[in-house]
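Okay, structure first, notes after.
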Amino acid sequence: MTTDLIHHPYQPPAGWDAVPPGVFKASTVIFRDVAALRARDYTAKTGYTYGLRGTPTTYLLEERLATLEGGRFCILSPSGLAAIMNVNLALLAQGDELLLPNNVYFPSSDMAASVLSRWGISHQFYDPMNAADLAAKISERTKLVWIEAPGSVTMEFPDLPGLVAAARARGVLVALDNTWGAGLAMRGFDQGADIVMQALTKYPSGGADVLMGSVVTRDEALHLRMLKVHGQLGLGVAANDAEFILRSLPTMALRYHAHDAAARQLAAWLGSQPAVTQVLHPALPGSPGHAHWAATCSAAAGLFSVMLDAALSRAHVDAFVDALQLFKIGYSWGGPVSLVVPYDLGAMRDDRSAMPGHLVRFSIGLEAVADLQADLAQALLALG
Ligand SMILES: Cc1ncc(COP(=O)(O)O)c(C=O)c1O
């Protein structure tokens, strides 16, 4: 009886056809015979070998994401940070050096300072607003340059062509974290990147419910280097998570542009408030790197920061953030709920003196803009 429940011969009719893709879940993949088992190679995606190596659901998502970025190959990892680790561990070896922008996503520099440095891989920070600084820091040991556009807290938009040209001139690989651009405001390969990474956790998910990362390439040999290490590290993703992203991708452009429009409106309004000394939003004139953004991007994400007056105390700033009702206090971005985080720049940057005041970052969700503005207005009263 139990065996019949497991090996029941009924097969549903083939040819199920519907808009949503199927969700295939398995650890074991069954081979027709030993010859099939011996013949299959997951790296070419011509067959399946084991759930960790890919399923019809994850292959489908990989193809769509490669298309989104204008690339050919895609590797999925269980988080954006895991995708960054996949790139680093595949391309760096003992004695190599990694260059990171000085406004890099903090866990990425933390990984370099702890994990990579223990394995004899050094790193240096460059000024993303100064391509000559990057050029000067490239040495024989430099094997990889990461770029973020913009920095996801301080929001400077770099001179992408200048940075890419500096790395290219020395034959160094360029990896672009395009989580902010999402393949919509800009496509990484149009900018000359070799590797385009995204935290799918943000806009491709859109639901604040899935963690995932992607690494897209055009060059097959480079892709295979990273795919091999990805397999060796066991970085597969779950089919249900891939399903969520596949469900969200068709609405991503609509959501992205709605986040963008609302964020620009709120950022401009905040800029008119007396307590706000600077708005850090690359699409707004006066923001660091605005001209670079204008030369590169057709849109912007729903993420921006403001500097609050240095004369305010930290307690005032905390009271402002605590007073917000619709904005929830929390990390990440790209979801339907607006988020806010006060950042301690001193802990993140060694050049804090260049940015006097208190930085507060907002991720604008999909609530009505008027309600968000009213929420900000009532909370600003907490600043006295
Ligand atoms: C710019 C950027 N890159 C990468 C990541 C990492 O993504 P995840 O949270 O999926 O690990 C984040 C997360 O906040 C991010 O902001």
Side-chain angles (χ1 to χ4, degrees), residues 25 27 42-43 50-55 57-62 64-66 68-69 71 73-93 98 100-101 104-119 121 123 143-148 152 173-183 188 193-217 222-246 248-249 331-335:
K25 300 198 285 188
S27 48
Y42 80 94
T43 61
Y50 187 58
L52 191 60
R53 309 282 184 232
T55 65
T57 314
T58 58
Y59 281 3
L60 185 65
L61 179 56
E62 286 166 5
R64 291 187 184 181
L65 292 168
L68 170 72
E69 288 286 9
F73 307 98
C74 175
I75 305 172
L76 299 174
S77 286
S79 68
L81 189 56
I84 294 171
M85 179 178 73
N86 183 187
V87 175
N88 289 341
L89 294 191
L91 304 182
L92 299 167
L98 167 69
L100 298 171
V104 70
Y105 173 60
F106 176 73
S108 181
S109 64
D110 198 32
M111 180 197 306
S114 50
V115 181
L116 300 183
S117 77
R118 264 191 277 128
W119 296 340
I121 299 164
H123 69 283
K143 294 292 163 8
L144 180 64
V145 172
W146 273 98
I147 300 179
E148 282 182 30
S152 62
L173 288 170
V174 172
L176 173 71
D177 181 335
N178 200 24
T179 304
W180 184 93
D194 300 291
I195 298 156
V196 182
M197 170 267 157
Q198 265 198 50
L200 306 175
T201 309
K202 319 299 181 198
Y203 294 106
S205 158
D209 49 3
V210 180
L211 290 148
M212 201 180 292
S214 59
V215 173
V216 175
T217 42
L222 185 57
H223 164 70
L224 290 175
R225 271 172 84 187
M226 294 190 287
L227 185 64
K228 197 165 174 192
V229 169
H230 179 268
Q232 287 158 343
L233 292 172
L235 294 176
V237 304
N240 289 115
D241 287 346
E243 176 197 14
F244 277 135
I245 309 273
L246 282 165
S248 294
L249 277 183
Y331 295 109
S332 204
W333 32 295

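This chain uses plain numbering: 1 for the first residue, then up along the sequence. Model, not experiment: these values are computed from the prediction.
Using a 4.5 Å cut-off on side-chain heavy atoms (C-beta onward), Y59 and Y42 make contact. Taking the side chain as every heavy atom from C-beta outward, P204 and L249 approach each other to under 4.5 Å. Using a 4.5 Å heavy-atom cutoff, the side chains of S152 and T179 are not in contact. You'll find the side chain of V215 stays beyond 4.5 Å of the side chain of S77, heavy atoms only. Looking only at side-chain heavy atoms (C-beta outward), V216 and F73 stay at 4.5 Å or farther from each other. You'll find the side chain of I195 reaches within 4.5 Å of the side chain of L91, heavy atoms only. In this structure, L200 and S205 have side chains that are not in contact, with every pair of non-hydrogen atoms separated by 4.5 Å or more. Here the side chains of S332 and K202 are in contact, with some heavy-atom distance below 4.5 Å.
Side-chain N or O atoms of T58 include one that pairs as donor or acceptor with a backbone N or O of T55 at under 3.5 Å. Put simply, the side chain of S114 gets close to the backbone of D110: a donor and an acceptor are under 3.5 Å apart. Remark: the backbone N or O of I245 is not paired with any side-chain donor or acceptor of S248 at under 3.5 angstrom. Here the side chain of R53 pairs a donor or acceptor atom with the backbone of G231 at under 3.5 angstrom. Remark: side-chain polar atoms of S79 are not paired, donor with acceptor, to backbone N or O of L211 under 3.5 angstrom. Between the side chain of D177 and the backbone N or O of I147, no donor-acceptor pair lies under 3.5 Å. No donor-acceptor pair closer than 3.5 Å links the side chain of E148 to the backbone N or O of V104. Between the side chain of H230 and the backbone N or O of L76 there is at least one donor-acceptor pair closer than 3.5 Å.
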Going through the distances and angles, do W119 and L89 end up as a side chain to side chain contact (heavy atoms under 4.5 Å, CB included)?
CA-CA 10 Å; W119 296 340; L89 294 191; 3.7 Å; yes
Is there a side chain to side chain contact (heavy atoms under 4.5 Å, CB included) between M226 and T217 once you walk through the steps?
CA-CA 10 Å; M226 294 190 287; T217 42; 3.4 Å; yes
Evaluation steps, side chain to side chain contact (heavy atoms under 4.5 Å, CB included), between V229 and N86
CA-CA 7 Å; V229 169; N86 183 187; 4.1 Å; yes
Would you check, one step at a time, whether the test side chain to side chain contact (heavy atoms under 4.5 Å, CB included) holds for L144 with L92?
CA-CA 8 Å; L144 180 64; L92 299 167; 4.0 Å; yes
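Taking both residues in full, the closest heavy atoms of L100 and A112 are given as CD1-CB, 4.0 Å, listed atom of the first, atom of the second, then distance. Considering every non-hydrogen atom in both N178 and Q198, the closest pair reads O-CG, 3.4 Å. Across every non-hydrogen atom of G236 and P78, the tightest pair is O-CG, 3.5 Å. The minimum heavy-atom distance between L235 and A82, with the atom names listed, is CD1-O, 4.1 Å. Shortest non-hydrogen contact noted between L68 and A182 is CD2-O, 3.5 Å.
To the nearest 0.5 angstrom, N88 atom CG is 9.5 Å from L81 atom CG. C74 contributes atom SG, which lies 6.5 Å from atom CG of L61 (distance to the nearest 0.5 angstrom). Note that OG1 of T43 and NZ of K228 are 9.5 Å apart. Values are rounded to the nearest 0.5 Å. Residue L65 holds its CG atom at 12.0 Å from CD1 of I75, rounded to the nearest 0.5 Å. Here the straight-line distance linking atom CG of D194 with atom CG of L173 works out to 5.0 Å at 0.5 Å rounding. Distance check: M197 CE to S214 OG gives 7.0 Å after rounding to the nearest 0.5 Å.
Aromatic ring pairs are classed by plane angle as parallel below 30°, tilted from 30° to 60° and perpendicular above 60°; the pair W333 and Y203 is perpendicular.
Other residues, nucleotides and ligands place no more than 12 heavy atoms under 6.0 Å from the CZ atom of F244.
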